[in-house]
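Proteins get letters first, then strands, A, B, ... in listed order; numbering begins at 1 in each. Model, not experiment: these values are computed from the prediction.
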Protein chains: 2
Amino acid sequence: MSTGNVAAIARVKNAAPLFAALGDETRLQLIGRLSATGPLSITQLTGKARVSRQAITKHLEVLGEVGLVKSSRRGRERIWELEPKRLDDARAYLDRVSKEWDDALGRLQAFVED
Amino acid sequence: MSTGNVAAIARVKNAAPLFAALGDETRLQLIGRLSATGPLSITQLTGKARVSRQAITKHLEVLGEVGLVKSSRRGRERIWELEPKRLDDARAYLDRVSKEWDDALGRLQAFVED
DNA sequence: CTAAAGTGCAACCAGGAGGTTGCACATGAC
DNA sequence: GTCATGTGCAACCTCCTGGTTGCACTTTAG
């Protein structure tokens, strides 16, 4: 690891909760919905889901805690929208791991051919 | 969504368990370790971890179920190694979502400027 | 003002996730 | 053959997660 262990560990600690938040079908659907439609209220997001409003609220809060979405008040409604920067983090992490992965396979290949 | 809802839903259903498997610090460390060192046995992987061998075994099986790693026998040892293709799936999914995300922001921007 | 809409809060519940321990079983080393 | 090594299996435990329901509270609509 060219960046050293400290950076590597820090990356892992940030990435795990992020992936955990993405690791739920309902939450991925919420993300898909928000990206397709733009900012929506809780009630609107609950509409096509097959779970209760409270369940949706909890999912949104989980996504919010890792910074994937954020909310704001509009009258009596609470509007949720996507937070682009955070998704890039996840992508960057996967790109990085993917590269290390390829490197490892390259080394293995070289070793086998020895 | 240009690919239609069926494809979109299928993608979500595949992606969620994959991200869930990645959403654990110990498992990310196992992946990092395997990518840095190459194939390793359970005992070797347990070495630097701070949980028991059985815990490590369970984590490896979780990773194996979503196809991120695979195992083979070598004498009395069980060797685990990375499975590159699956990581690309995750990356491809994030790239896709990230693109939709950008599109959504683009549309929103256009709307606001109206 | 009154009613309905949209949320927030809290209690509660079942099931799964992550962890441990103990013991049996295979296999390599000597 | 014997002993140490490396795993597999199973039981068990605790805590978190995803889900529900009931009720109170704030706003908007009429």
Base, backbone or nothing for each nucleotide of nucleotides 4-19 of chain C, written B, S, -, heavy atoms under 4.0 angstrom, 5' to 3'? BBSBBB--------SB
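Atoms CZ (B:R74) and C1' (D:dT7) sit 14 Å apart, rounded to a whole Å. Taking atom CD of B:E25 as the reference point, atom P of D:dC16 lies 16 Å away to the nearest angstrom. Straight-line distance from the CG atom of A:L22 to the C1' atom of D:dT17: 16 Å, rounded to whole Å.
Here B:R76 pairs with nothing under the side chain to side chain contact (heavy atoms under 4.5 Å, CB included) rule; sequence neighbours left out.
The pair B:D102-B:K99 does not meet the salt-bridge criterion, since no charged nitrogen lies less than 4.0 angstrom from a carboxylate oxygen. Here A:R96 pairs with A:E100 in a salt bridge; the nearest charged N to carboxylate O distance falls below 4.0 Å.
Paired with A:L63 under the rule side-chain contact (heavy atoms from CB on, under 4.5 Å), one option of A:R27, A:K58, A:K70, A:E83 passes, and it is A:R27.
The ring pair (Phe, Tyr, Trp, His ring centres under 6.0 Å) contacts involving residues 16-74 of chain B comprise A:F19-B:F19, B:F19-B:Y93, where partners must be two or more places apart or lie in separate chains.
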